[in-house]
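To start, the structure under review is shown below, and the notes come after it.
Whatever order the structure lists ligands and atoms in, that order sets their numbers, starting from 1. Residues: numbered from 1 along the sequence shown.
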Amino acid sequence: MKKLSLIAPCYNEEDVLLIFYKETSRIVKAMGCDYELIFVNDGSTDRTLSLLKKLAENDEHVIYLSFSRNFGKEAAMYAGFCNAKGDYAAVMDADMQDPPSLLPKMVEILEQGEFDSVATRRVDRTGEPPIRSWFAHKFYKLINRISDTDIVDGARDFRLMKREMVDAIIKMSEYNRFSKGIFGWVGFRTYWLSYENVERAAGETKWNFWKLFKYAVDGIINFSQTPLSLASWGGIIMTIVSFFVMILLVIRRLVFGDPVAGWASTICFIIFIGGLQLFSIGIMGQYIAKIYIETKNRPHFIIAETNKDDVKKIQ
Ligand code: UDP
Ligand code: MG
């Protein structure tokens, strides 16, 4: 029988932690396979860690990895993957938005051997603010147009993967992580499982609009070079246009002998071009900032506390 590693990033999840633990354990036990529940405490400031310690005392399947501070969900997922021992591994949100009830079906599909991973996607976004959904749809449209990597709209990070795929993901050791892109980039045969959106069981979302916006920009910069070429294209088009305008001006001067006029339009153009240049430099700056961070080679996470000995504490 295969061993299952379930990874749950937790950031201030005291309200849902026990619900998640009970429901997931119940389902996995019923499946009759060996498993481990890896909880990654991402620098919570509530009772999450003490709850985890209690769970670990009473259940040998529970492993907790407690970060030295909040590193973000991406780092928490990476820590989970780096320390997962199972033949199959999956990341699950602690708030029950990734239904554990899908697990038996996911394992069954992998067991048949035709696929290497079973990914999940929400077919709707009920319960989410409409404006957030609208921006999310636009983001997926845009990123799929300008990136070679397939990034599916509504895809969750909840996906059960075979060992080979997990190892590939661990190998992708970039500091700026965008898992939806990484999962797509490594490839493998993926089965897509659709389900209707489930609202958070309790507690509150850790994302606000600004955070999501930054996450979206990060996703684009990490998986597309198109913004970098925007400046070149803008420059080429402007050169061509200005060449024709120059010819036009010379002809006008020769025909009408037009003296000084049109300073307003000149100023407008100068400001416009100045703006475009700054915008382009800004885009380059975004990429350079990423390079800067990558070259520092800082660890993705630092584990301050855990209940296991053979844990990769800094990676
Ligand atoms: N999370 C985390 N670190 C963070 C933010 C979130 O580990 O800095 C975890 C959180 O505990 C939850 C999952 O990531 O298990 C998804 O977060 P949330 O439910 O707030 O996001 P949403 O479902 O609203 O997109
Ligand atoms: Mg959630």
Side-chain angles (χ1 to χ4, degrees), residues 5-24 37-52 55 62-84 89-100 102 120-137 139-140 151-159 175-180 183 195-216 218-219 300-306:
S5 298
L6 300 176
I7 301 158
C10 308
Y11 178 50
N12 294 344
E13 298 288 9
E14 59 179 10
D15 295 328
V16 283
L17 202 60
L18 291 180
I19 307 177
F20 172 82
Y21 165 75
K22 279 190 192 136
E23 184 63 10
T24 309
L37 281 175
I38 305 176
F39 289 95
V40 186
N41 172 36
D42 186 12
S44 302
T45 49
D46 64 357
R47 282 167 37 243
T48 301
L49 180 58
S50 58
L51 287 176
L52 287 178
L55 288 181
V62 174
I63 298 171
Y64 69 83
L65 313 172
S66 185
F67 284 178
S68 59
R69 64 169 168 87
N70 179 258
F71 280 86
K73 187 187 172 188
E74 289 289 344
M77 296 199 290
Y78 193 60
F81 285 132
C82 288
N83 288 298
V91 174
M92 300 177 77
D93 282 6
D95 59 3
M96 305 294 288
Q97 282 194 297
D98 296 326
L102 294 177
T120 59
R121 60 183 293 248
R122 306 186 277 184
V123 285
D124 62 334
R125 285 171 171 268
T126 28
E128 209 180 68
I131 183 103
R132 183 168 155 178
S133 307
W134 188 83
F135 272 104
H137 287 312
F139 163 71
Y140 283 107
I151 295 164
V152 178
D153 190 358
R156 305 278 307 171
D157 292 328
F158 181 30
R159 113 166 36 202
Y175 189 82
N176 296 288
R177 299 186 75 75
F178 182 67
S179 282
K180 290 180 209 311
F183 293 162
Y195 70 97
E196 268 164 37
N197 190 30
V198 188
E199 284 187 47
R200 194 173 236 287
E204 267 177 18
T205 175
K206 310 296 177 298
W207 295 87
N208 55 33
F209 188 78
W210 182 235
K211 260 185 162 177
L212 276 174
F213 181 76
K214 282 207 290 201
Y215 187 61
D218 276 351
H300 295 82
F301 57 83
I302 299 168
I303 294 174
E305 251 182 282
T306 169

Closest non-hydrogen contact found for Leu102 with Tyr195 is CD1-CD2, 3.9 Å
Hey, is ligand 1 close enough to Gly72 that some N/O pair sits below 3.5 Å? no
Note on the Mg ion (ligand 2): protein N/O/S atoms within less than 2.8 Å are Asp95 OD2, Gln97 OE1
I need the nearest protein heavy-atom contact for atom 7 (O) of ligand 1: residue, atom name and distance, please. Pro9 CB, 3.3 Å
What is the nearest protein non-hydrogen atom to atom 18 (P) of ligand 1, stated with its residue, atom name and distance? Arg200 NH2, 3.5 Å
Starting from atom 16 (C) of ligand 1, which protein heavy atom do you reach first, and at what distance in Å? Asp93 OD2, 3.2 Å
Side chain, backbone, both or neither: which part of Glu74 comes within less than 4.0 Å of ligand 1 when only heavy atoms are counted? neither
Flag for Ser179-Glu74: side-chain donor and acceptor within less than 3.5 Å: yes
dist Met92:CE -> Ile7:CD1 (nearest 0.5 Å) comes out at 11.0 Å
Going from CE on Met96 to CD on Glu23, what distance comes out if it is rounded to the nearest 0.5 angstrom? 5.0 Å
Where is the nearest protein heavy atom to atom 24 (O) of ligand 1: which residue, which atom, and how far? Thr205 OG1, 2.6 Å
List in chain and number order the residues that pass side chain to side chain donor-acceptor pair (under 3.5 Å) with Asp93, two or more places apart in sequence or in another chain; answer none if no residue qualifies. Lys73, Arg156
Phe209, Phe213, Tyr215, Trp210 screened by ring-ring contact (aromatic ring centres under 6.0 Å, His included) with Phe135, the one that passes: Phe209
Protein heavy-atom partner closest to atom 21 (O) of ligand 1 - residue, atom, separation in Å: Trp207 CD1, 3.0 Å
protein heavy-atom neighbour closest to atom 23 (O) of ligand 1 works out as Gln97 OE1, 2.5 Å
Counting only heavy atoms closer than 4.0 Å, does ligand 1 sit against the backbone of Asn12, its side chain, both, or neither? neither
What is the closest protein heavy atom to atom 20 (O) of ligand 1, and at what distance does it sit? Lys206 N, 2.6 Å
Closest approach of Ala76 to Val40 (non-hydrogen atoms, all atoms of both residues): O-CG2, 3.6 Å
Consider every N or O of Asp42 and every N or O of ligand 1, then say whether any pair is closer than 3.5 Å. yes
Would Phe301 and Phe67 count as a close aromatic pair, with their ring centres under 6.0 Å? yes
Min heavy-atom dist Met96 to ligand 1 below 4.0 Å: no
Rounded to the nearest 0.5 Å, how far does OG1 of Thr45 lie from CD of Glu14? 8.5 Å
What is the closest protein heavy atom to atom 11 (O) of ligand 1, and at what distance does it sit? Glu13 OE2, 2.6 Å
